Amino acid sequence: MSENLPNKAVFQSYIWTCAKYDFSPYEKRIIYRLIEFAQQWLEGIKIKDHMHKIEPSGCGVNITMPVASILRDEDDHNYAKAKAAFTSLSKKGAEYEDDKIWFYTAIIEHPKIEKGTGIATFHVYDPIWRAALDFTKGFKKYELITAMKFKSVYAMRFYELMSGQAKPLFVPLEGPDGLRERFCLQGKYERVNDFKRYVIDAAKKELDESSPYSFVAKEEKEGKKVIGWTLFPVFFEDREDPALQE
DNA sequence: GTGCACCTATCAGGTGTCTG
DNA sequence: CAGACACCTGATAGGTGCAC
């Protein structure tokens with residue numbers, strides 16, 4: 001069991017990290033909406049009006065929403081851009097592999113716009129939908145947007161690590177639960193100092209700047225060798241509910 | 001395509017520190 | 001105190017993306 005969790009986390013992280021880097025503003029809006037839908041689904045809020053729907057299909061869900069929800073505002077009737085975003089998001093995907101299975105899937109599939117109605121539908125394949133649901137379980141609404149702002153991939157990973165963490169957390173560097181393994185950095189930053197400089201310090205810097213929580217890392221040594229860090233959570237309460245806008 | 005600036009991962013050499 | 005090891009700073013090669 002403990003063997004599947006890190007991989008799952010990495011799969012999720014991969015999707016949302018890519019979302020940060022490679023997605024256009026329009027594509028990001030689609031992702032935000034997807035997360036919103038997932039959130040409402042989890043909270044059991046019935047989405048009743050004919051413009052918004054979540055309908056389970058055999059292998060995922062069909063999402064219906066107004067095209068306007070991904071456009072900048074009411075006056076932005078730029079359907080060409082909306083279409084382009086749906087198209088490109090259909091071409092971007094995520095890859096997953098463990099010892100039993102490999103698969104690749106697009107983030108969204110079969111986007112469709114009914115002309116004259118302003119309504120778009122698309123399909124979300126089950127693993128992506130579950131990743132969205134898992135994400136919303138562990139994160140509050142505005143946090144995806146916060147997370148998407150990070151420049152460093154590792155800021156995102158530490159953000160996940162520290163999410164909901166109230167007590168100091170010891171993380172080893174090496175080993176199955178070690179940071180190197182969890183962050184997929186086998187063979188990289190072999191020197192502890194380089195690891196600290198480009199992974200831990202870089203992530204901490206970004207979290208300190210813009211995240212509602214961060215950490216202080218205390219080196220733990222075995223003899224002269226650094227074997228890991230104890231992360232003491234730091235909260236910035238004034239950032240808990242920022243008026244984040246899209 | 002070409003040149004340029006920037007960025008990242010890695011390494012070398014000097015410095016610090018622990019232990020016998 | 002000396003040797004061995006680990007740490008830190010800065011340099012560098014190679015890659016990437018951007019403007020022209």
Side-chain angles (χ1 to χ4, degrees), chain A residues 6-7 9-32 70 72 78 80-98 104-108 144-163 168-211 213-234 246:
Chain A
N7 282 338
V10 168
F11 176 62
Q12 278 183 58
S13 175
Y14 176 85
I15 299 173
W16 311 128
T17 304
C18 284
K20 153 67 189 80
Y21 280 107
D22 304 332
F23 293 5
S24 73
Y26 281 90
E27 291 170 331
K28 283 183 186 178
R29 282 189 204 114
I30 297 173
I31 301 274
Y32 295 158
I70 68 155
R72 214 164 285 137
N78 201 336
K81 279 189 181 165
K83 277 194 291 186
F86 279 119
T87 305
S88 54
L89 204 53
S90 306
K91 288 175 184 166
K92 286 174 184 168
E95 196 173 335
Y96 176 84
E97 183 163 18
D98 60 25
Y104 174 87
T105 176
I107 306 287
I108 65 166
L144 174 64
I145 299 166
T146 303
M148 277 185 164
K149 287 198 305 193
F150 295 142
K151 291 194 215 73
S152 161
V153 183
Y154 311 122
M156 176 106 190
R157 298 274 169 84
F158 270 101
Y159 186 81
E160 290 166 0
L161 205 59
M162 299 312 290
S163 175
L169 173 72
F170 171 73
V171 284
L173 173 58
E174 310 292 347
D177 294 325
L179 287 178
R180 193 183 296 286
E181 180 96 13
R182 291 165 89 150
F183 291 1
C184 290
L185 289 170
Q186 294 94 332
K188 294 196 167 192
Y189 305 121
E190 298 279 8
R191 298 172 190 214
V192 174
N193 185 54
D194 284 341
F195 193 93
K196 178 176 179 293
R197 190 164 35 154
Y198 294 110
V199 178
I200 294 177
D201 290 348
K204 177 174 160 49
K205 184 162 172 283
E206 281 210 56
L207 291 175
D208 284 346
E209 279 167 9
S210 57
S211 167
Y213 42 78
S214 182
F215 61 89
V216 173
K218 177 173 169 286
E219 279 183 359
E220 301 293 348
K221 293 187 177 184
E222 204 174 76
K224 283 200 276 182
K225 197 175 166 60
V226 173
I227 55 161
W229 290 268
T230 300
L231 308 176
F232 297 87
V234 176
E246 289 176 49

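Please read all numbers here as calculations on a predicted model, not as lab measurements. Naming: A, B, ... by sequence-line order, numbering from 1 per chain.
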Shoot me the first and last contacting nucleotide of DNA chain C against chain A, ordered 5' to 3', at under 4.0 angstrom to non-hydrogen atoms. dC5(C) to dG10(C)
Residues in ring-ring contact (aromatic ring centres under 6.0 Å, His included) with Phe86(A), at least two apart? Phe122(A)
Residues in side-chain contact (heavy atoms from CB on, under 4.5 Å) with Asp194(A), at least two apart? Tyr189(A), Arg191(A), Arg197(A), Tyr198(A)
Between Arg191(A) (CZ) and dA9(B) (P), how many Å, whole number? 15 Å
To the nearest angstrom, how far is Tyr198(A) atom OH from dC7(B) atom P? 12 Å
Starting at atom CZ of Arg197(A), determine the distance to atom C1' of dT10(B), rounded to an integer number of angstrom. 9 Å
If you round to the nearest 0.5 Å, how far is CD1 of Ile107(A) from CD1 of Ile30(A)? 11.0 Å
Check: Lys204(A) side chain, Phe215(A) main-chain N or O, donor-acceptor pair, under 3.5 Å: yes
How long is the gap from CG on Leu179(A) to CZ on Phe158(A), to the nearest 0.5 Å? 5.0 Å
